[in-house]
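As structure tokens, the structure follows; a few thoughts come after it.
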Amino acid sequence: MKKKSIFFENIYCESKGYRGEKILFDSIKSIFSDKECIAKHGYIMNFLNKKYTIEADVLLIDKQLGINVFEVKGINIHNIISISIDGWHCEGIYKEKINPNYQLDRNITNIIDFLKDIDEYNDSVGIKPIIVLPYISSEQWESKGFNKYAFLPPIIFKDDLKSEDVFLRKMNSIPYKCSAKRSMEESEFNNIKNIFFGKITEEIKTFNVISEKEFLEKLLQ
């Protein structure tokens with residue numbers, strides 16, 4: 001039986017950052033299970049005109065919501081000392097300063113530049129940059145006054161991941177990086193899926209969730 005949604009899981013890694021990404025991906029699998037979409041945990045992007053690769057923590061292509069690029073930060077509220085326009089100043093984690101805004105902007109800019117050279121791409125397809133904090137609640141965030149900064153985009157918090165209605169409301173409130181229609185036509189949706197995932201075989205369409213190991217085994221068959 002052909003599934004509407006397909007989810008490609010990542011290879012398991014024992015780290016807090018990975019676990020935070022998996023919290024988001026598990027929520028996406030649950031919330032979007034009956035929707036027309038395709039998603040990948042740990043999506044590596046290779047650009048012919050660039051000298052490097054970049055990675056989206058989670059990439060979700062949904063017929064209604066367009067292209068969604070998630071940047072997940074697996075940190076707690078006590079790890080954040082302060083936030084300024086040049087980065088988040090932290091303690092007790094792998095870096096003293098992180099900048100999810102810059103990471104997302106770089107990823108989105110590279111995707112837009114890449115798609116401009118693709119004949120099949122229709123620039124009416126929207127792209128959303130989304131920061132996710134799976135270990136921090138909106139109440140904790142507001143208690144620090146971080147919600148008052150104009151330079152921060154809307155953020156998905158721990159409590160947003162617990163409810164489908166709340167999650168989808170938050171997703172719809174996040175602006176597109178470029179002008180877009182609210183949903184894709186069938187041909188647009190198929191073109192975008194093909195650009196990012198290649199030809200999805202009939203066998204893969206019968207699965208709902210595909211692990212990295214299963215996917216690699218199918219490629220080698």
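Basis for what follows: all heavy atoms, side chains included, without hydrogens, waters or symmetry-related copies.
- Looking at heavy atoms from C-beta onward, Lys40 lies in side-chain contact with Phe197 at the 4.5 angstrom threshold.
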Derivation and outcome, side chain to side chain contact (heavy atoms under 4.5 Å, CB included), residues Phe25 and Asp57: CA-CA 9 Å; Phe25 197 67; Asp57 291 334; over 6 Å; no
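- Interatomic distance, Ile6 CD1 to Lys29 NZ, rounded to the nearest 0.5 Å: 14.0 Å.
- Nearest approach of Tyr135 to Ile75, heavy atoms of both residues: CB-O, 3.4 Å.
- Rounding to the nearest 0.5 Å gives a distance of 5.5 Å between NZ of Lys158 and CD of Gln140.
- Cluster membership check: Leu133 does not share its hydrophobic cluster with Val166, using side-chain heavy-atom separations under 4.5 Å among Ile, Leu, Val, Met, Phe, Trp and Tyr.
- Judged by distance alone, with hydrogens and angles left aside, the side-chain atoms of Ser33 form a donor-acceptor pair with the main-chain N or O of Ser30 at under 3.5 Å.
- Contact of the Ile155 side chain with the Val132 side chain is not registered, since no non-hydrogen atoms from C-beta on lie closer than 4.5 Å.
- Side-chain atoms of Asn110 come within 3.5 Å of backbone N or O of Arg106 as a donor-acceptor pair.
- With values rounded to the nearest 0.5 angstrom, Asn68 atom CG is found 9.0 Å from Ile61 atom CD1.
- Cluster membership for Tyr102 and Ile85, using ILVMFWY side-chain heavy atoms within less than 4.5 angstrom, is not shared.
- Of all non-hydrogen atoms in Leu60 and Phe32, the two that sit nearest each other are CD2-CZ, 3.7 Å.
- The distance from atom OG1 of Thr109 to atom CG of Asp113, rounded to the nearest 0.5 Å, is 6.5 Å.
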Hey, mind stepping through His41 and Tyr18 against ring-ring contact (aromatic ring centres under 6.0 Å, His included) and telling me if it holds? CA-CA 10 Å; His41 177 191; Tyr18 173 89; 5.1 Å; yes
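- A cation-pi arrangement, defined by a distance under 6.0 Å to the six-membered ring centre and an angle within 45 degrees of its axis, is present between Lys128 and Tyr176.
- Under the 4.5 Å side-chain criterion, counting only non-hydrogen atoms from C-beta, Pro153 is not in contact with Pro175.
- Scanning all heavy atoms of the two residues, the minimum distance from Asp62 to Cys37 falls at OD1-CB, 3.6 Å.
- Two residues are said to be in side-chain contact when any heavy atoms from C-beta on lie closer than 4.5 Å; Phe189 and Val125 fail this criterion.
- Going from atom NE2 of His78 over to atom CD1 of Ile136 covers 9.5 Å, rounded to the nearest 0.5 Å.
- For Ile44, the CD1 atom is densely surrounded, since the number of other residues' heavy atoms within 6.0 Å is greater than 12.
- With rounding to the nearest 0.5 angstrom, the CD1 atom of Ile67 is 9.0 Å from the CD1 atom of Ile112.
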Report the C-alpha separation of Ser5 and Asp34 in whole Å, then their side-chain angles, then the decisive distance to 0.1 Å, and conclude whether the side chain to side chain contact (heavy atoms under 4.5 Å, CB included) test is met. CA-CA 7 Å; Ser5 56; Asp34 63 345; over 6 Å; no
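- A 6.0 Å sphere centred on CD of Glu164 holds more than 12 heavy atoms belonging to other residues, nucleotides or ligands.
- No side-chain donor from either of Ser137 and Asp159 sits under 3.5 Å from a side-chain acceptor of the other.
- Using a 4.0 Å cut-off between charged side-chain N and carboxylate O, Lys73 and Glu71 make a salt bridge.
- Ring geometry for Trp141 against Phe157 counts as tilted: the plane angle lies between 30° and 60°, on a 0 to 90° scale.
- Counting non-hydrogen atoms of other residues, nucleotides and ligands closer than 6.0 Å to CD of Glu55 gives a total above 12.
- For the pair Ile31 and Ser163, the tightest heavy-atom approach, listed with the atom from each and the gap, is CD1-O, 4.4 Å.
- By the 4.5 Å heavy-atom criterion applied to side chains, Phe196 and Ile38 are not counted as neighbours.
- A continuous path of Ile, Leu, Val, Met, Phe, Trp and Tyr side chains, each step under 4.5 Å between heavy atoms, connects Ile54 with Phe8, placing both in one hydrophobic cluster.
- Residues Met171 and Ile156 are in side-chain contact: their nearest non-hydrogen atoms beyond the backbone lie under 4.5 Å apart.
- Using modelled atom types, one side-chain atom of Asn172 and one backbone atom of Leu168 make a donor-acceptor pair closer than 3.5 Å.
- Ionic pairing of Glu186 and Lys63 is present here: one or more N-O contacts between side-chain nitrogen and carboxylate oxygen are shorter than 4.0 angstrom.
- In this structure the side chain of Ile98 reaches within 4.5 angstrom of the side chain of Ile93, judged on heavy atoms.
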Assess whether side-chain hydrogen bond (donor to acceptor under 3.5 Å, both in side chains) is satisfied between Asp86 and Ser84, documenting all intermediate values. CA-CA 5 Å; Asp86 72 323; Ser84 63; 2.2 Å; yes
Give the C-alpha distance, both sets of side-chain angles, the deciding distance and a yes or no for side chain to side chain contact (heavy atoms under 4.5 Å, CB included) between Ile81 and Trp88. CA-CA 8 Å; Ile81 302 170; Trp88 301 15; over 6 Å; no
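- Residue Lys144 comes nearest to Ile80 through the heavy atom pair NZ-O, 4.1 Å, listed as atom of the first residue, atom of the second, then distance.
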Before giving the answer on side chain to side chain contact (heavy atoms under 4.5 Å, CB included), spell out for Val69 and Ile130 the whole-Å C-alpha distance, their side-chain angles and the decisive distance to 0.1 Å. CA-CA 6 Å; Val69 182; Ile130 306 154; over 6 Å; no
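- Formation of a donor-acceptor pair under 3.5 Å by the Glu142 side chain with backbone atoms of Glu139 is not found in this model.
- Counting heavy atoms from C-beta on, the side chains of Pro134 and Leu161 come closer than 4.5 Å.
- Closest non-hydrogen pair, Pro129 versus Ile108, comes out as CB-CG1, 3.7 Å.
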